[in-house]
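The next block holds one structure in the form of structure tokens; read it before the comments.
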Amino acid sequence: MSNKIQAVRGMHDILPEHSPAWQFLESTLREVLASYGYQEIRTPLVEKTELFSRSIGEVTDIVEKEMYTFDDRNGDSLSLRPEGTAGCLRACIEHGLLHNQVHRLWYTGPMFRHERPQKGRYRQFYQAGVEAYGMAGPDIDAELILMASRLWQRLGIAEQLELQINTLGTAEERLAYREHLVVYFRAHHEQLDEDSRRRLETNPLRILDSKNPDMRALIAGAPVLADYLGEISSSHFRGLTTALEQAGIAYTVNPRLVRGLDYYSRSVFEWVTQSLGAQGTVCAGGRYDGLIEQLGERASHAIGFALGLERLVSLLEHTAIPVDTAPHVYLIRVGEAAEQAGMLLAERLRDAVPGLRLVLHCGGGSFKSQFKRADKSGARYALIVGDDEAAQDRVSIKNLREEAEQLSLSWGDAIDYLAKV
């Protein structure tokens, strides 16, 4: 007997019992984004590898270690998307959406990274992303954070999340800061772990984002980027903090928040939680004004964030999710004539009562077994069609959740009755 085929390691199934939380999250997300004027964009799962090496950076962990990359039959190097910003921006450039235009866009779908799987971190994972183009001031930075805050309120998880913000300044300011940072860490080279020693030569700012607890004291003593910012970058950050304070949004300035991708500049932020252990970041983003020019378009302004949907679903498991997916009606058919009559009645009910969730019993079986199925389905009502009812165009209605008299109604009266459910 052959072994059963199982899912690829790090790629998991979402079973029907977990779908209500996903549906609640996705529908709430769409409603909140629409209320801020964001429009959906859908991009391919596969892009040219060059897109990610140019945008994310060739010396990042994602490009060096984590991407699923392959050569297609034409010899082109392609990759499954590890994140959504680069593909969204590529689409906007390709279709001419950026020149002298303002856009608010969002997308959702699977991303792929070959990481060590653990709870909250998978090789196929789901993200929702938000991108705003063509707006320079800190007001759009603040709007994205306010929009995320509203989403947390609507989902009922606001108390579990904390906002951390920082500014990375411009590329020129980071370059000056980088030189002082390298001098500092080289002076303490023996205290660096292996990963930090590698990053010292490639991307020293990423050392500040180390999760190694043995590195905390060393990182705490490192130079602070804010000391190297010019007035324009400082003013931009003050504009963001002022807007958040006026809106009543609590935040913590985390000078070690650098984000993992090379394309960020100025405002960066994360929403973090203590409820998920090591995988505590559920939303992260920031401004990336330089990336557009890096991908071959004239320079413009851009900012966005990404949500980890699995992590948000994990937070929702601790809340009462107001999603009811049980059928309203389960239709039982007993008898040869009832088989066809019941199917016609089911279709007529779906036509007449939009939104009615009706399960038609299929596959035969005794009345007793069908009734057990009806009760187990969670339906409020069982509709019963036997041969006698079929001959008279009538149906019996049994309330499965309350003590009530069983009714015998014409099809027309049954439609009127169920329309009030």
Side-chain angles (χ1 to χ4, degrees), residues 22 25-48 51-52 54-56 62 79-112 125-152 154-155 240 243 259-271 281-309 312:
W22 283 83
L25 170 58
E26 291 164 348
S27 62
T28 305
L29 176 65
R30 286 185 174 90
E31 290 171 5
V32 171
L33 293 173
S35 73
Y36 283 79
Y38 283 75
Q39 297 179 303
E40 185 180 10
I41 185 170
R42 302 192 182 195
T43 60
L45 272 67
V46 178
E47 298 274 6
K48 293 182 178 179
L51 173 66
F52 303 115
R54 287 174 61 183
S55 61
I56 297 173
I62 294 175
S79 295
L80 296 177
R81 61 187 185 189
E83 55 92 45
T85 295
C88 182
L89 187 51
R90 188 270 312 149
C92 289
I93 293 173
E94 183 174 336
H95 297 285
L97 301 184
L98 297 183
H99 182 52
N100 292 331
Q101 298 181 62
V102 170
H103 286 283
R104 289 174 165 91
L105 304 175
W106 71 273
Y107 50 83
T108 188
M111 311 292 168
F112 303 85
F125 57 98
Y126 290 82
Q127 279 188 347
V130 171
E131 316 290 349
Y133 300 120
M135 292 164 274
D139 49 357
I140 188 63
D141 306 22
E143 181 184 88
L144 260 67
I145 292 174
L146 291 171
M147 185 165 64
S149 177
R150 184 175 299 276
L151 177 62
W152 312 147
R154 291 282 303 278
L155 293 174
L240 171 60
R259 302 295 303 124
L261 306 181
D262 286 354
Y263 51 59
Y264 286 108
S265 60
R266 293 207 170 130
S267 306
V268 291
F269 55 89
E270 290 185 354
W271 290 89
T281 300
V282 301
C283 173
R287 183 169 283 276
Y288 53 96
D289 289 348
L291 181 58
I292 296 176
E293 189 174 20
Q294 192 173 318
L295 293 182
E297 184 62 70
R298 69 181 65 185
S300 187
H301 304 285
I303 185 171
F305 66 68
L307 308 170
L309 299 190
L312 288 171

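Small disclaimer: the values here were computed from a predicted structure and weren't measured. Basis for what follows: all heavy atoms, side chains included, without hydrogens, waters or symmetry-related copies.
In terms of heavy atoms, Leu144 sits closest to Ala132 at CD1-CB, 4.4 Å. Pro82 approaches Phe125 most closely through the heavy-atom pair O-CZ, 3.7 Å. Closest heavy-atom contact between Cys88 and Ile41: SG-CG2, 3.9 Å. Scanning all heavy atoms of the two residues, the minimum distance from His301 to Ile292 falls at O-CD1, 4.1 Å. Across all their heavy atoms, Asp141 and Ser267 have their closest contact at OD2-OG, 2.7 Å. Minimum interatomic distance between Ala142 and Ala243 (heavy atoms only, all atoms of both residues): CB-CB, 3.7 Å.
Counting only heavy atoms from C-beta outward, the side chains of Tyr133 and Ile303 never approach each other to under 4.5 Å. For the pair Leu98/Ser300, no side-chain contact is recorded, criterion being any heavy-atom separation below 4.5 Å from C-beta on. Residues Glu47 and Arg90 are in side-chain contact: their nearest non-hydrogen atoms beyond the backbone lie under 4.5 Å apart. Counting heavy atoms from C-beta on, the side chains of Glu270 and Phe305 never come closer than 4.5 Å. Counting heavy atoms from C-beta outward, Val130 and Leu105 have side chains that stay 4.5 Å or more apart. No side-chain heavy atom of Val46 sits under 4.5 Å from any side-chain heavy atom of Ser79.
Taking CG of Leu240 as the start and CZ of Arg287 as the end, the distance is 9.5 Å to the nearest 0.5 Å. Separating the OH atom in Tyr107 from the CZ atom in Arg81 is a distance of 8.5 Å, to the nearest 0.5 Å.
Partners of Trp271 under the ring pair (Phe, Tyr, Trp, His ring centres under 6.0 Å) rule, at least two apart in sequence or in another chain, are Trp152. Residues passing the side chain to side chain contact (heavy atoms under 4.5 Å, CB included) test with Leu309, sequence neighbours excluded: Trp22, Leu25, Thr108, Tyr126, Ala128, Leu307, Leu312. Annotation: salt bridge (Lys or Arg N to Asp or Glu O under 4.0 Å) contacts of Glu297 (sequence neighbours excluded): none. Residues that satisfy the salt bridge (Lys or Arg N to Asp or Glu O under 4.0 Å) test with Glu40, not counting sequence neighbours, are Arg42. Here Arg154 pairs with Glu31 under the salt bridge (Lys or Arg N to Asp or Glu O under 4.0 Å) rule; sequence neighbours left out. The salt bridge (Lys or Arg N to Asp or Glu O under 4.0 Å) test applied to Arg104 returns Glu143, not counting sequence neighbours.
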Worksheet item: Is there a side-chain contact (heavy atoms from CB on, under 4.5 Å) between Leu33 and Met147 once you walk through the steps?
Response: CA-CA 8 Å; Leu33 293 173; Met147 185 165 64; 3.7 Å; yes

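No hydrogens or angles considered: nothing links the side chains of Tyr288 and Arg266 as a donor-acceptor pair under 3.5 Å. Side chain to side chain, Tyr38 and Glu131 fail the donor-acceptor criterion of an N or O pair below 3.5 Å. Side-chain contact annotation: Gln101 with His99, donor-acceptor N/O pair under 3.5 Å absent.
Checking side-chain atoms of Asp289 against main-chain N and O of Ala302 turns up a donor-acceptor pair under 3.5 Å. A donor-acceptor pair is defined here as one N or O able to donate and one able to accept, closer than 3.5 Å; such a pair exists between the side chain of Glu83 and the backbone of Thr85.
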